[in-house]
Student: 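Please see the structure below; I have some questions.
Quick note on labels: first sequence line is chain A, next is B, and so on, each numbered from 1.
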Amino acid sequence: MRKKVYSSMDEIVADVPNGARIMFGGFGGAGFPNNLIQALVRKGVKNITAISNNCGTRDGELGLMFKNNQIKHVIASFPGPHANYFQERFAAKEVTLELVPQGILCERMRAAAAGLQGFYTTVGVGTEVADGKEERVLEGQRCILEMPIHADYAFIKAQKADELGNLTYRLAARNFNPIMAMAAKTTIAEVDEIVPVGSIEPEQVMTPAIFVHRVVQAKGLHYAG
Amino acid sequence: MRKKVYSSMDEIVADVPNGARIMFGGFGGAGFPNNLIQALVRKGVKNITAISNNCGTRDGELGLMFKNNQIKHVIASFPGPHANYFQERFAAKEVTLELVPQGILCERMRAAAAGLQGFYTTVGVGTEVADGKEERVLEGQRCILEMPIHADYAFIKAQKADELGNLTYRLAARNFNPIMAMAAKTTIAEVDEIVPVGSIEPEQVMTPAIFVHRVVQAKGLHYAG
Amino acid sequence: MRGSGIQEKTAPNKPRLTREQIAQRAALELPDGAYVNLGWGIPNLIADYLPKGITVYFHSENGILGMGRRAKSGEEDYDLVDAMKVPVTLIPGASFFHQADAHLMTRGGHLDVAVLGGFQVSEKGDLANWKIPGAKGSGGIGGAMDIAAGAKKLIVCMEHTTKDGAPKIVKQCTYPLTGLACVDTIVTDLAVIDVRPEGLVLREVAPRWTPEEVQKLTGAPLIAKGRVPEIRFD
Amino acid sequence: MRGSGIQEKTAPNKPRLTREQIAQRAALELPDGAYVNLGWGIPNLIADYLPKGITVYFHSENGILGMGRRAKSGEEDYDLVDAMKVPVTLIPGASFFHQADAHLMTRGGHLDVAVLGGFQVSEKGDLANWKIPGAKGSGGIGGAMDIAAGAKKLIVCMEHTTKDGAPKIVKQCTYPLTGLACVDTIVTDLAVIDVRPEGLVLREVAPRWTPEEVQKLTGAPLIAKGRVPEIRFD
């Protein structure tokens, strides 16, 4: 059996190189891997491409990484009015941004997860989102071609993991986490609780262990920001 | 609140017209809506397009519908060696067949469910499956364009439904059912048990009620074929 | 952005609907049992004005179906928030799912009604609601484009004119677009308008306003079929 | 289909591996902790031959990860079947999911190893395994094309020659294809062969067989790098 359980946040992110492409789960304050993000802040990796719905809330979530100028490019749907460090870097042209409609962000990650090479959608037709994209008519509708979003890592947050990496999520903290877990080459999950193999009912596993490569318990490290 | 619970199999299929496109869930003997299929047999609808992984097992599953010549076209991945009535009709050219790789069958239905107008895949490139399909190179790989599969109805089998139509499935009887539930205009679920609203934990709903239009309990009608 | 100025000068000095009244009128458009997504701004107020006896299943793009009222003080669970980060509650029969399935619902035509805010709506039903030209910062799209593309019925709630008096209902949008030909109904502080193949059909006007007065504050022709009734809230 | 006939006449009359032995040898290719899909035929026998101390998570395309042994008589649950309709059991840590996610796993490169049966494999690693030319009936693809397209490592288990003695490892497949350039390793009753950019590399031969004898029964050139060891089962 492969060892997936790590005992420290710093150890679990130790191999993340400068320039890595990383997906970060979370939405609306729920389901963010805040302890993993803080470990990346401590490690000081640079030139990260971040794929995330938004760009932090002041110091919270991805905020500190923008404050420290660790992120050079963002693929996001809604950077957010409270992402002040991102907005400063963006205004100063220290970070570039690709804005993607939220559902299309999900689908492009899922396409990477599912081994699909692209898909057509009506979403964004006639808008700035369509700029530079192939357009054609399919099923009688104007569509644009959207390409998969791949990543080296997914940093996600779950409620429980068993020692194999099967995950469950709590309430609406699920959000982007299962999709990112499937889409990245290496998925690292910060969880509230690690339980023995067999503790999660097979029918109630939300992310099967095949998608999860490392897990670490956020021992009372609950993020306050 | 919309009334989704029906009391009879015959009533729940009463409006299915000749010529309808119907998805049928089930795989390997598990999760087939056998009582709904038998209601279609009693009703005698004709010229059905059936979208299903396979084409019945002797009299079982879709078998009787082929025996009665109710199906004119099939989209399937593995009609199956025990689908003797289908094979007879197919040999007699009384039914036409589109063979689709199993995962692509799922994705084409999901594309319809998700409002996508087509996708590219490497699956089937260089094979008979690619015949007549657009081919191009994306992400450095030869791909073919696959189109959504839409349907008028999905006939599915679940374990539990609440009165709103939230569903759970048992073990591997889940298979195609959740995908078809999302993909069809009208989804009809045959279930083992109907429970009051609120009886299924929100985190454990497998098919949300938004996808389910009618449910009926298969009261001890357990299919023997 | 400033309108022609003409409208501003000729705008009658009569009361318009409040934001709450726009929400209250829009709530009447939701059928019993409908699956509904409410966007930011005025639409988010609608949940408070559902008519008695109506059950609506509110969808949130972070993966909730069956949202109830906002959480009261002391009841908040920050793993149970809506798309605006506000702690909410659930109604019986609710469910959770991931964000890709949440948007499969928006794009795939599974929502009966979606209600969005708007900066501009064109006479063809084009919507601009995510970016003000020249505004500072990155802007953000969120779920609006997926929702606009896929809802069975899309209602836009907004003020009829900008603060400067310029019409927000126009022949052609000048703001960055959210979607083409996606709006079905517009509920403003002056009118209820349906976008139809033949054009913008004026269904109702605000109390004490006339169709002619509303037309003057509208940047595209309105079609009145017979007498146009005043907006009611029940 | 009949081979050249030459191979048939010159084929040495020495024992070949049994189907069980092919499965036993292929089982050694599965690393500890691997996620593995086993296809119909010989591959399906592999689960019985896992080396001691190795845990492998078997995937089934109907939505199971962590399948255990087949169910014993009296233990069968017909909602818990593998892709061949056979009632199975689970190992601890198993999970269920729908068929689209099951094939997201196959196509998306999530399976460490997949093992399929084969009718023909070409020297470029093309696989034909779903349809015999001229066979009656509709044929059926099942999950093979998705699996072939996506597995990190694809092993094909098959007899080295047809019943008529024709090679099944060929320069170019003549049977309908399952996938192009997808096979990584071939385990037959005569050899273990890796498909490499430089060609087919003969890694092992059956006990008492020589590389030259195996080459004569193979329709494409084999590359032997140094001495080729005999197949062992431990």
Student: Please classify the contact between K131(C) and chain A as side chain, backbone, both or neither, with a heavy-atom cut-off of under 4.5 Å.
Tutor: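 The answer is the side chain of K131(C).
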
Student: Taking the side chain as every heavy atom from C-beta outward, state whether V129(A) and I141(C) have any atom pair closer than 4.5 Å.
Tutor: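 Yes. Closest side-chain heavy atoms under 4.5 Å.
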
Student: As a quick check of understanding, evaluate ring-ring contact (aromatic ring centres under 6.0 Å, His included) for W130(C) and F78(A), giving each step before the final call.
Tutor: CA-CA 10 Å; W130(C) 71 279; F78(A) 195 81; over 10 Å; no

Student: Given side chains that start at C-beta, do those of R170(A) and D77(C) come closer than 4.5 Å, heavy atoms only?
Tutor: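 Touching, per the 4.5 Å side-chain cut-off.
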
Student: Please flag which part of S138(C) lies under 4.5 Å from any non-hydrogen atom of chain A: side chain, backbone, both or neither.
Tutor: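 Both the backbone and the side chain of S138(C) come within 4.5 Å of chain A.
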
Student: Can you tell me if N62(C) uses its side chain to pair, donor with acceptor, with the backbone of F27(A) under 3.5 Å?
Tutor: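 Side chain of N62(C) to backbone of F27(A), a donor-acceptor pair under 3.5 Å: no, none is there.
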
Student: Between N177(A) and H98(C), does a side-chain contact (heavy atoms from CB on, under 4.5 Å) hold up when you go through it step by step?
Tutor: CA-CA 8 Å; N177(A) 289 298; H98(C) 59 54; over 6 Å; no

Student: Which atoms of D82(C) are under 4.5 Å from chain A, going by heavy atoms: the side chain, the backbone, both sets, or neither?
Tutor: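 Only the backbone of D82(C) comes within 4.5 Å of chain A.
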
Student: I'd like to know if the side chain of Q102(A) pairs up with that of H103(C) as donor and acceptor (distance under 3.5 Å, no hydrogens or angles considered).
Tutor: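 Per modelled atom types, Q102(A) and H103(C) side chains form a pair under 3.5 Å.
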
Student: Which atom names give the shortest non-hydrogen contact between Q87(A) and G137(C), and what distance separates them?
Tutor: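 That would be OE1-CA, 3.5 Å.
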
Student: So which of C55(A), G29(A), P79(A) has the largest heavy-atom pair count under 4.5 angstrom toward chain C?
Tutor: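 That would be P79(A).
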
Student: For S60(C), is it the side chain, the backbone, both, or neither that has a heavy atom closer than 4.5 Å to a heavy atom of chain A?
Tutor: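 When you check distances to chain A, no heavy atom of S60(C) falls under 4.5 Å.
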
Student: Can you confirm whether more than 12 heavy atoms, excluding those of Q172(C), are under 6.0 Å from its CD atom?
Tutor: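 Result for CD/Q172(C): open.
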
Student: For F176(A), which atoms come within 4.5 Å of any heavy atom of chain C: side chain, backbone, both, or neither?
Tutor: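 Both parts, backbone and side chain.
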
Student: Is A128(C) in contact with chain A via its backbone, its side chain, both, or neither, using a 4.5 Å heavy-atom distance?
Tutor: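 Looking at A128(C), nothing touches chain A.
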
Student: Taking side chain as C-beta onward, heavy atoms only, is V125(A) less than 4.5 Å from L180(C)?
Tutor: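 Heavy-atom side-chain distance check passes, below 4.5 Å.
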
Student: Which bit of Y169(A) comes within less than 4.5 Å of chain C, counting heavy atoms only: side chain, backbone, both or neither?
Tutor: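 No part of Y169(A) comes within 4.5 Å of chain C.
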
